[in-house]
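Note sheet for the following structure.
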Amino acid sequence: MSAIRPLTSSPESEIELLTQAQQLAGYTLGELALLAGLPIPRDLKRDKGWTGLLLEQWLGASAGSKPEQDFAALGVELKTIPIDSAGRPLETTFVCVAPLTGNTGVVWETSHVRHKLRRVLWIPIEGSRDIPLAGRRVGSPLLWSPDEEEETQLRMDWEELMDLIVLGQVERITARHGEVLQLRPKAANSKALTEAVGTHGEPILTLPRGFYLKKNFTGALLARHFLVPGE
DNA sequence: TTCTGATCATTA
DNA sequence: TAATGATCAGAA
């Protein structure tokens, strides 16, 4: 019997990472915050990224705002995902910012979306707002890579959205585009603007956008993992 | 009740 | 401003 403790350096293998993640399953966010010496906010209204940062610390992710995978040496991205009592996602999952300029000739194979999602460590976490933040439990982790079907779904949506961006239609894109991947604002507020391409190829200013995984997609991949007998 | 558009904190 | 970490909250 040994106490759990945060990894102080980056894990050197997927096994080490997954093992540590499995150790955290069942603990509450309050317990993990206390053991890590982090203050617990009352709720997430002004600390939306708190859970993600807490788990980063426990798993030895390279902290900070580097445009890299969380575990660069392993090629693994960490994602916490809030779930309801039935294990279904409560929120969409942010993937990365969408490039709105300089996209002539871009292809799926070298896209940021594909790179980010190549290998993901999913950590489900109880997210219902009627559970106090400190009482929310961490679930069993899932180390995932998209299968052929998932990759096809992602590529189709990505190509549709990127086509619209390249053609100057970014402001006509809504969250309803895409079956599993959607484009939505990703900004401090509605006044934060970035450069994009207009209808006639001219530069325009518009809201920064991000790619998000829709709940049907993440819900299915979690369900596939947790419903398979013998796993 | 769900979903889309908007928003919050922090670090370069 | 843009990148990281995401959830909020009003409209549908």
Side-chain angles (χ1 to χ4, degrees), chain A residues 6 10 29 32-33 36 38-72 76-86 88-103 111-113 115-117 120-134 136 138-139 157 161 164-165 170-196 203-219:
Chain A
S10 298
L29 296 180
L32 295 183
L38 280 187
I40 307 166
R42 177 155 98 289
D43 55 47
L44 297 179
K45 288 182 185 177
R46 294 188 171 273
D47 295 272
K48 298 181 178 181
W50 181 80
T51 307
L53 296 176
L54 174 65
L55 270 292
E56 276 190 0
Q57 183 160 330
W58 272 94
L59 296 173
S62 41
S65 55
K66 283 173 290 199
E68 282 184 329
Q69 285 152 318
D70 296 295
F71 305 97
V76 173
E77 175 74 13
L78 173 67
K79 288 292 178 194
T80 59
I81 184 166
I83 56 169
D84 65 16
S85 57
R88 289 172 303 217
L90 286 165
E91 296 288 348
T92 57
T93 301
F94 173 70
V95 180
C96 60
V97 172
L100 302 182
T101 60
N103 285 314
S111 67
H112 289 262
V113 172
H115 187 246
K116 279 269 184 185
L117 298 180
V120 178
L121 180 64
W122 296 99
I123 314 258
I125 299 188
E126 287 180 329
S128 299
R129 292 185 205 178
D130 54 8
I131 307 175
L133 182 59
R136 298 180 191 176
V138 175
D157 285 349
L161 293 166
L164 290 167
I165 289 172
V170 62
E171 298 197 307
R172 293 176 54 172
I173 299 174
T174 74
R176 283 159 282 259
H177 287 83
E179 297 293 323
V180 300
L181 188 71
Q182 62 183 178
L183 196 76
R184 306 214 313 274
K186 167 66 174 175
N189 54 60
S190 58
K191 284 105 189 167
L193 299 176
T194 192
E195 189 174 301
I204 62 170
L205 288 178
T206 192
L207 233 44
R209 314 298 165 97
F211 287 108
Y212 294 79
L213 296 176
K214 298 177 74 169
K215 291 193 284 185
N216 60 346
F217 185 83
T218 51

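Numbers restart at 1 for each chain; the letters A, B, ... are given by sequence-line order, proteins then strands.
Counting any heavy atom pair closer than 4.0 Å across all strands shown, A:Pro208 reaches no nucleic acid atom. Among the atoms of the strands shown, none is found under 4.0 Å from any heavy atom of A:Glu195. Within the 4.0 angstrom heavy-atom criterion, no nucleotide atom of any strand lies near A:Lys214. Across all strands shown, A:Leu90 has no heavy atoms under 4.0 Å from either base or sugar-phosphate atoms.
Judged as a ring pair (Phe, Tyr, Trp, His ring centres under 6.0 Å), and not counting sequence neighbours, A:Phe71 has no contacts. The side chain to side chain contact (heavy atoms under 4.5 Å, CB included) test applied to A:His177 returns A:Glu160, A:Leu161, A:Leu164, A:Ile173, A:Thr174, not counting sequence neighbours. Not counting sequence neighbours, A:Arg129 has no partner by the salt bridge (charged side-chain N to carboxylate O under 4.0 Å, His left out) test. Taking the side chain to side chain contact (heavy atoms under 4.5 Å, CB included) definition, one finds that A:Glu179 meets it with A:Asp157, sequence neighbours left out. Among residues two or more places apart in sequence or in another chain, the salt bridge (charged side-chain N to carboxylate O under 4.0 Å, His left out) test is passed with A:Lys215 by none. Residues satisfying the side-chain hydrogen bond (donor to acceptor under 3.5 Å, both in side chains) criterion with A:Thr92, sequence neighbours excluded, are A:Arg184. Residues satisfying the side chain to side chain contact (heavy atoms under 4.5 Å, CB included) criterion with A:Ile131, sequence neighbours excluded, are A:Glu126, A:Ser128, A:Arg136.
Only A:Arg129, listed by number, bring a heavy atom of residues 124-131 of chain A to less than 4.0 angstrom from any atom of DNA chain C. Of the residues in residues 171-186 of chain A, those with a non-hydrogen atom less than 4.0 angstrom from any atom of DNA chain B are A:Thr174, A:Ala175, A:Arg176, A:Gln182, A:Arg184, A:Pro185, A:Lys186. Of all the residues in residues 40-52 of chain A, A:Lys45, A:Arg46, A:Lys48 reach under 4.0 Å from DNA chain B with at least one non-hydrogen atom.
Following rounding to the nearest Å, A:Arg88 (CZ) and B:dC3 (P) show an atom-to-atom distance of 11 Å. Remark: C1' of B:dT1 and CG of A:Asp84 are 13 Å apart, rounded to the nearest angstrom. Separating the CG atom of A:Asp70 from the P atom of C:dA3 is a distance of 16 Å, rounded to the nearest angstrom. Rounded to whole angstrom, the span from the NZ atom of A:Lys191 across to the C1' atom of B:dT7 amounts to 10 Å.
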Only pairs under 3.5 Å count here: list side-chain donor-acceptor contacts from residues 185-196 of chain A, not counting sequence neighbours, and write none if there are none.
{"unit_1": "A:Asn189", "atom_1": "OD1", "unit_2": "A:Lys191", "atom_2": "N", "d": "2.8"}
{"unit_1": "A:Asn189", "atom_1": "OD1", "unit_2": "A:Ala192", "atom_2": "N", "d": "3.3"}

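Checking A:Asn189 against A:Thr92, the closest nucleotide of DNA chain B that is more toward the 5' end is the one next to A:Thr92.
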Practice task
Might you work through the side-chain contact (heavy atoms from CB on, under 4.5 Å) test for A:Val138 and A:Ile123, ending with a clear yes or no?
Solution key: CA-CA 7 Å; A:Val138 175; A:Ile123 314 258; 3.6 Å; yes
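A rotation axis mapping the C1' atoms of four pairs onto the next four is fitted at both ends of the helix from B:dT1-C:dA12 to B:dA12-C:dT1 over five pairs, and the angle between these axes is 30° to 10 degrees.
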